[in-house]
Structures are given as structure tokens and as C-alpha cells.
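Structure first, commentary second.
Remember, it's a predicted structure, so these values are computed and weren't measured experimentally. Position 1 is the first residue of the sequence, and the numbers go up from there.
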Amino acid sequence: MMPQSSQNLYFNLGLIADDDGFCEHFTIMRMTESKPDDLKVLQAKRFVRVFDEKVLVIQDWKENNYIRSDRYEPSKYLAIYKEELKLLA
């Protein structure tokens, strides 16, 4: 159970995320007029992991999305956040 505004934010993050589930949440939050509390709800329920004030990753991206290998394009954020991602594993 989540507020409608948090659900809307999560849906829009999923639309914008790259092939590895990374996206810049600030622009999406402005576009959807989401409040910081909406993002905090998603974090508390472990739907997303926020790296900084700009970038987040959707936690179960690979389980919920299939991308063919010939269409896959690695995220530019994989190299930047590789140490933080090791902590997730």
C-alpha cells in the first residue's frame, strides 16, 4: 500500500529508466510534481535505491524487465556507481 503520488512516481521512473534501471529522478519528480516524501516512500519500501541527489536505480529491474541482448545498451552509470552496486550484492 502506497500513496497514489508515490505510485505515479514509480511508474514514471520505470518509463524513463535505462536498460539497467538507472534514471535521474530529479527531472521526473519535477515533471510529475512529486514531493520528496514520495521518493522516501519508495526508498523505505525498497523499490528504489538513491545514490545521490540526481541518480537512482530501480531495485528489481532485471526481474521485471526483459531486454534482448541485441537491443541492450549498458548504462552510463554502471561505471560511476560500480562500488555502491557491489554492496547491494
Item to complete: With sequence neighbours excluded, tell me which residues meet side-chain contact (heavy atoms from CB on, under 4.5 Å) with K76.
Response: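 Here the qualifying residues are E24.
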Worksheet item: Under the side-chain contact (heavy atoms from CB on, under 4.5 Å) test, which residues partner N65, sequence neighbours left out?
Response: W61
Fill in: Test salt bridge (Lys or Arg N to Asp or Glu O under 4.0 Å) applied to R71 - qualifying residues, sequence neighbours left out
none
Item to complete: Can you sort out the partners of K40 under salt bridge (Lys or Arg N to Asp or Glu O under 4.0 Å), two or more places apart, ordered by chain and number?
Response: none
Side chain [X], main chain [Y], donor-acceptor under 3.5 Å:
X   : Y   : answer
H25 : L9  : no
S6  : M2  : no
D52 : V55 : yes

Worksheet item: If you measure from CD on E33 to CG on D38, what distance do you get to the nearest 0.5 Å?
Response: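 The distance works out to 11.5 Å.
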Worksheet item: Does one hydrophobic cluster hold both F26 and I28, with members joined at side-chain heavy-atom distances below 4.5 Å?
Response: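 No, it is not one cluster - the side chains of F26 and I28 are not joined through contacts under 4.5 Å.
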Solution key, residues 10-23 side-chain donor-acceptor pairs under 3.5 Å, sequence neighbours excluded:
| residue | atom | partner | partner atom | Å |
| --- | --- | --- | --- | --- |
| N12 | ND2 | N8 | O | 2.9 |
| N12 | ND2 | N8 | OD1 | 2.9 |
| D18 | OD1 | D20 | N | 3.0 |
| D18 | OD1 | G21 | N | 3.1 |
| D18 | OD1 | F22 | N | 2.9 |
| D18 | OD2 | S75 | OG | 2.5 |
| D19 | OD2 | E73 | N | 2.8 |
| D20 | OD1 | K62 | NZ | 3.1 |
| D20 | OD1 | Y72 | OH | 2.7 |
| D20 | OD2 | Y72 | OH | 2.8 |
| D20 | OD2 | S75 | N | 2.8 |

Practice prompt. Please identify each residue that fulfils side-chain hydrogen bond (donor to acceptor under 3.5 Å, both in side chains) with R46, with sequence neighbours left out.
Written response: none
Worksheet item: Is the closest side-chain heavy-atom distance between V48 and V57 below 4.5 Å?
Response: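 SC-SC contact between V48 and V57 ruled out.
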Fill in: Verdict with supporting geometry, L56 and L39, side chain to side chain contact (heavy atoms under 4.5 Å, CB included)
CA-CA 10 Å; L56 64 74; L39 186 59; 3.7 Å; yes
Discussion item. Regarding D37 and K35, does a basic nitrogen lie under 4.0 Å from an acidic carboxylate oxygen?
Written reply: no
Worksheet item: Nearest heavy-atom pair of T32 and S34: which atoms, and what distance?
Response: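 Answer, listing the atom of T32 first, then S34: OG1-OG, 2.7 Å.
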